[in-house]
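Taking it in order: structure first as structure tokens, then the write-up.
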Amino acid sequence: MDNLAIARILGEIADLLEIKNDNPFKIRAYRNGADIVANDPHDMASLDLKGLQEIPGIGKDLAARIREIADTGDAAFHQELLAEFPPSILDLLGLQGVGPKTVARLYRELGVKTLEELEEAAKEGRVRSMKGMGPKKETLILKAIDERRLHGGRHLLPDTHDAAVAYVAYLKAHAPDAQIEAVGSLRRGQESCGDIDILASGADAALMDRFIEYKLVERVLGQGDTKSSVRIWGGFQVDLRIVSPESRGAAMQYFTGSKAHNIVLRDRAIGLGLKLNEYGLFRVDDESRVGGASEQEIYEALGLAWVPPELREDRGEMNAAERRTLPTLIEHRDLRGDLHMHTTESDGRHSIAEMAQAAHAAGLEYIAITDHSRNLAMANGLDEARALAHAARVRAEDGRHGVRMLAGIECDILADGSMDLADDCLAQLDIVVASVHSAFNQDRQQMTERILRAIENPNVDVLGHPTGRLILKRAPYALDIEAIIEAAARHHVAIEINSQVDRLDLNDVQARLARDRGVRLVISSDAHSQAALAVTRWGVMQARRAWLTAGDVINTRPFDDFRALLRRNLR
DNA sequence: GCCGTTTTCGGCCCGACTGTTTTCAGTCG
């Protein structure tokens, strides 16, 4: 059982307890436990009861449940709950406007167990027969079911960003004096976002009318003086909150989240005799205002350094903010090189010279050309002869376009862990990025040993997109990432944060673990065209979420320094 | 269910909006 499988069961227990109307704090404990397990880079199944209980948020009972799930594949408690409710009703929970209370009543009073049965009941007007339900609620449920089928919910960070930027620009045009910006998970740089949160201060209520008139609005979900929600084309839900300027910082803090970060922050406020909400920070005794116009004001009043949004996940940032030891996070302009890109020689759209020119225009000092190797036939991968000839052409272009160039390859790690190209070929190149592009379905042990073998090959300098996940599309392959990270550290293999918008691989938690274990990281575009070089901004965002400084990422170094740090050049 | 030099018991974050209601429960973020 891997962490995600364990987390899924804990999360289902939380959902089922919620439908059962159980103790809300018990529900929170399970939900919190699921989050912890899902995000912890360590393999939970390998920890004993004592080790599990050392994790904050995991107590005696949750530790026992986790062990039970790891040992037997499930928890008896989970099975007991499932005996009370059919598992299919969990699908209903995700519907807009349908919560646990409604799900429980739909099941008890109407016998509704599935989306299809709910749709039928709503169409036949049976839902309105329930107390507190009416025709409007039925219509809303039917729309929610349609939208679920259409959109599925979440979006990639860059797509969310683009939609938000356009919406904010539209609002600013109608309220030029107001402060308007996107907050929420987008501001934290989370890899996928469920919705867009926009905050406006210094705007009058008329902005709400402009908000719902936006050309892409498909449906108004709710409208009030200070808060409105719409669904726009593309399946995004967008919320606008309007606050007064004196509350701007408090609202930014509040709506940027994360929820976990905010709970800890509020708890801290309570401990100081203060109350924090989206309007400001107040004394509990006389309700006087302590602050709220800026985020800095709030964090300082709570004895904390201002926390960059990317770190607000309750992963140790409070402690570091209190001790004033928050890292100076890497910024996009810190990148001097890009070490993973393709040309027309394999599946790229532009030539060596064109990629070099675009890199120079983007302000880079050096790049590596890393086309695919033979095994990736559909990408016209290179065999040894073509790889060496290609390398000669790269070296001939070196320095002619304003950037230094390394002749490299993205070499497939074959199913048995051997490299796709012969060692004497790889040894003649300047840099080798090793990646898995095939046999994704190997079991955990096979896949781990396969990648470990690649790391042990002295010609491998960088491990490319290490987990193979595609965000919102494909789960990472089964893999002991901790073992991979430790081996990479031991063998001085750098690990990539691949900036492709649907990869961002390593993810934030894994990249942080890698840094902690002494691995050198690189941030690369994996660009297949000139324009795609720009995606490194998302890789940098992920690196910031991993607490990385410029010093942790070796392609921030000047060319000669960087080159000396490549494994093949280490003495 | 978790947590704790104020506590091993009694806490646990907070407010807006909707639909169906005459004061509120449910949902959401």
Side-chain angles (χ1 to χ4, degrees), chain A residues 10 13-14 17-19 21-36 52-66 75 77 92-106 127-141 143-144 153 183-186 188 193-199 208 212 220-231 237-243 247 250-251 253-282 284 314:
Chain A
L10 294 178
I13 291 175
L17 287 172
E18 206 161 13
I19 292 171
N21 199 18
D22 210 306
N23 175 356
F25 301 106
K26 184 171 167 181
I27 294 164
R28 184 196 291 175
Y30 272 99
R31 185 99 56 216
N32 190 35
D35 274 355
I36 291 167
L52 287 167
Q53 280 188 65
E54 280 170 11
I55 302 169
I58 306 289
K60 193 160 157 273
D61 289 32
L62 275 174
R65 301 261 188 253
I66 291 170
F77 185 47
L92 307 180
L93 264 186
L95 289 174
Q96 175 88 43
V98 177
K101 301 279 192 300
T102 309
V103 170
R105 292 186 53 209
L106 284 167
V127 172
R128 73 181 70 177
S129 68
M130 289 164 58
K131 186 169 158 38
M133 297 287 191
K136 275 192 172 175
K137 196 78 190 172
E138 269 178 351
T139 311
L140 283 174
I141 286 174
K143 277 189 178 162
V183 288
S185 53
L186 177 59
R188 299 200 313 279
C193 302
D195 58 14
I196 296 171
D197 300 297
I198 299 175
L199 183 68
M208 278 303 180
I212 61 170
V220 178
L221 301 169
Q223 188 186 5
D225 290 341
T226 64
K227 177 188 177 183
S228 297
S229 298
V230 296
R231 186 170 299 280
Q237 180 178 326
V238 187
D239 297 343
L240 174 65
R241 302 285 297 228
I242 297 181
V243 298
S247 296
Q253 196 291 313
Y254 185 94
F255 293 111
T256 295
S258 67
K259 198 168 196 166
H261 176 88
N262 286 0
I263 286 174
V264 178
L265 202 63
R266 270 209 212 107
D267 194 46
R268 187 180 177 88
I270 290 169
L272 295 168
L274 302 168
K275 187 177 83 162
L276 178 63
N277 58 28
E278 61 260 58
Y279 301 108
L281 185 64
F282 304 92
V284 170
D314 189 24

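In what follows, chains are A, B, ... by sequence order, proteins preceding strands, each numbered from 1.
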(message) Output the rounded distance in Å from NZ (A/Lys136) to C1' (B/dC17).
(response) 13 Å
(request) For A/Arg31, report the nucleic acid contact type (base, sugar-phosphate, nothing); a contact means any heavy atom under 4.0 Å. (result) nothing
(message) Using 0.5 Å steps for rounding, measure from the OG atom of A/Ser185 to the NZ atom of A/Lys259.
(response) 13.0 Å
(request) Starting at CG of A/Asp267, measure out to CG of A/Asn262 and round the result to the nearest 0.5 Å. (result) 12.0 Å
(request) Using a 4.5 Å cut-off on heavy atoms from C-beta on, say whether the side chain of A/Thr102 contacts that of A/Met133. (result) yes
(message) Looking at the base of B/dG29, is there any donor atom on it, or on the side chain of A/Tyr254, that sits under 3.5 Å from an acceptor on the other one?
(response) yes
(message) Base, sugar-phosphate or nothing for A/Asp267? Non-hydrogen atoms, less than 4.0 Å.
(response) nothing
(request) Report which part of the nucleic acid A/Leu17 touches: base, sugar-phosphate, or nothing (heavy-atom distance under 4.0 Å, all strands). (result) nothing
(message) For A/Gln223, run the side chain to side chain contact (heavy atoms under 4.5 Å, CB included) check against A/Leu240, A/Ile212, A/Val230 and tell me which one passes.
(response) A/Ile212
(request) To the nearest Å, give me how far apart CG (A/Leu240) and C1' (B/dC28) are. (result) 16 Å
(message) Would you say A/Asn277 places a side-chain N or O within less than 4.0 Å of OP1 or OP2 belonging to B/dG15?
(response) yes
(message) Working to the nearest 0.5 angstrom, can you tell me the gap between A/Met208 CE and A/Arg241 CZ?
(response) 8.0 Å
(request) Keeping the roles fixed (side chain from A/Glu278, backbone from A/Tyr254), state whether a donor-acceptor pair exists under 3.5 Å. (result) no
(message) Quick check on DNA chain B: between A/Ile58 and A/Asp225, whose nearest nucleotide comes earlier from the 5' end?
(response) A/Ile58
(request) Quickly work out the A/Lys227 NZ to B/dG29 P distance and round it to whole Å. (result) 7 Å
(request) Report yes if at least one side-chain N or O of A/Arg105 is closer than 4.0 Å to OP1 or OP2 of B/dG26; otherwise report no. (result) no
(request) For A/Lys275, answer base if it contacts any base atom (sugar-phosphate contacts may also be present), sugar-phosphate if it contacts only those atoms, and nothing otherwise; contact means non-hydrogen atoms under 4.0 Å. (result) sugar-phosphate
(message) Within the 4.0 Å heavy-atom criterion, would you say A/Thr226 contacts the bases, only the backbone, or no part of the nucleic acid?
(response) sugar-phosphate
(request) Provide the Watson-Crick or G-U wobble partner of B/dT8, both distances under 3.5 Å; none if there is no partner. (result) none
(message) How many whole angstroms separate atom NZ of A/Lys137 from atom P of B/dT20?
(response) 8 Å
(request) Looking at every strand, decide which applies to A/Gln237 at a 4.0 Å heavy-atom threshold: base, sugar-phosphate, or nothing. (result) sugar-phosphate
(message) Classify A/Asn32 by what it touches in the nucleic acid, base, sugar-phosphate, or nothing, heavy-atom distance under 4.0 Å.
(response) nothing
(request) For nucleotides B/dT20 and B/dG26, find the distance between their C1' atoms and express it as a whole number of Å. (result) 11 Å
(request) Have a look at A/Pro100 and say if it touches a base, only the backbone sugar-phosphate, or nothing, with a 4.0 Å heavy-atom cut-off. (result) sugar-phosphate
(request) Could you check A/Lys60 against A/Leu93 and say which one's nearest nucleotide on DNA chain B is further toward the 5' end? (result) A/Lys60
(message) What is the distance, to the nearest angstrom, from the NZ atom on A/Lys259 to the P atom on B/dC12?
(response) 17 Å
(message) Taking any heavy-atom pair under 4.0 Å as a contact, classify A/Arg28: base, sugar-phosphate, or nothing.
(response) base
(message) What's A/Asn262 touching, base or sugar-phosphate or nothing? Going by heavy atoms closer than 4.0 Å.
(response) nothing
(request) May I have the distance from A/Ile263 (atom CD1) to B/dC3 (atom P), rounded to whole angstrom? (result) 14 Å
(request) Measure from CD1 on A/Ile27 to C1' on B/dC2 and round the result to the nearest Å. (result) 14 Å
(request) Measure the distance from CG on A/Leu52 to P on B/dG1 and round it to the nearest whole Å. (result) 16 Å
